[in-house]
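The next block holds one structure in the form of structure tokens; read it before the comments.
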Amino acid sequence: MTDMNKGFNNYDCKVTSNLHNCENKAIKPKVSLGKIYSKVPVVLAELDLQLNLDETITFPEPVLEIKDIKKRVNLTQCRLLLPTHKLFIKGFVRKNIQYASPSPEIDQSTSKSVASDLHSFTVDIPFECVTEIKDFLSYPVQPKINNREEFDFAVTKSLPSGFPEKDQLLTSDLSQFHQESRQFYNELPFCELISSSIIEWDEALDRMPLPGDAPFNEGYFTKVEEKMVLDIRLKVLQNQQIRVASTTNDYCEKDSYSESCD
């Protein structure tokens, strides 16, 4: 018996915990009856946006061929500019490009073979646009405008010599300042990214044949022109105060806080 087999025979697998089935019981939550005021996100609009992108990507090394591209859409700004209906969109497409790069240090190319390494390169493709929301599912609550108003108090002062003795200066006090100001903390609309779809077309701009005794149909490039059609679906929401009508409670359980289920 080898030392390796002895090690396997001396190993004990100890059970540290056991998993058992546990039962559950569905509970219907208690609800308040009547007309209830609530503050919830209200969907203002659901939109499909289409953006057309054209970008040139420069690789840090020669590329033999692209193996795979993984893409992810990121929104950095989605802002409904009230009181207008303009929606400002900004973001980027994160692309991770997996490619083969010729590697003569592994093996020299021949008329029938090319040695290469698998590498990856991550690049962000920015985009931005402005669109107008023409059909609202629910209208946004418009922001209330802050205001400031000044007011003064009248004062009476004696006049210096040279004025009639019975006359007085009627004015406001310049040594005091009085103001009433009002500020509103409005609800800012926000967005949710629902889905995205990308159709892209990539073409090498500077492809050249491989040097040496490489196959005639092999080549390398460092620049790619990318055309992309990006479709985005998103929701525009705003927290609003609404009234919900609740007429019945199908389930009730007596506890220390309620005397009956009526």
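The backbone N or O of Y139 lies less than 3.5 Å from a partner atom in the side chain of Q240, making a donor-acceptor pair. Between the side chain of Q238 and the main chain of L44, no donor-acceptor pair closer than 3.5 Å is present. Between the side chain of S246 and the backbone N or O of S32 there is at least one donor-acceptor pair closer than 3.5 Å. N146 contributes a side-chain N or O that, together with a main-chain N or O of F184, makes up a donor-acceptor pair within less than 3.5 Å. A donor-acceptor pair under 3.5 Å links the side-chain atoms of D206 to the main chain of T222, judged by distance alone. In this structure, S103 contributes its side chain and S101 its backbone to a donor-acceptor pair below 3.5 Å.
Residues passing the salt bridge (charged side-chain N to carboxylate O under 4.0 Å, His left out) test with D54, sequence neighbours excluded: K227.
In this structure, I57 and I97 have side chains that are in contact, with non-hydrogen atoms separated by less than 4.5 Å. Taking the side chain as every heavy atom from C-beta outward, F127 and I232 approach each other to under 4.5 Å. Within the 4.5 Å cutoff, the side chain of K70 has no heavy atoms near those of the R72 side chain. Side-chain contact between D173 and F153: absent, with no pair of heavy atoms (C-beta onward) separated by less than 4.5 Å.
A distance of 8.5 Å separates CG of N74 from CZ of R94, quoted to the nearest 0.5 Å.
Taking a 6.0 Å sphere around OH of Y37, one finds it holds 12 or fewer heavy atoms contributed by other residues, nucleotides or ligands. Taking a 6.0 Å sphere around CD of E180, one finds it holds 12 or fewer heavy atoms contributed by other residues, nucleotides or ligands. Around atom NZ of K90, no more than 12 heavy atoms belonging to other residues, nucleotides or ligands sit under 6.0 Å away.
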Inset, instruction - Apply the test salt bridge (Lys or Arg N to Asp or Glu O under 4.0 Å) to residues E65 and K67: give CA-CA distance (whole Å), side-chain angles for both, the deciding distance (0.1 Å), then the verdict. - result: CA-CA 6 Å; E65 64 175 340; K67 293 295 188 180; 2.7 Å; yes
Inset, instruction - Dump the intermediate steps for ring-ring contact (aromatic ring centres under 6.0 Å, His included) on F59 and H119, then the final yes or no. - result: CA-CA 11 Å; F59 289 87; H119 295 172; over 10 Å; no
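Contact check on E149 versus R182 returns no salt bridge, with no Lys/Arg side-chain nitrogen under 4.0 Å from an Asp/Glu carboxylate oxygen.
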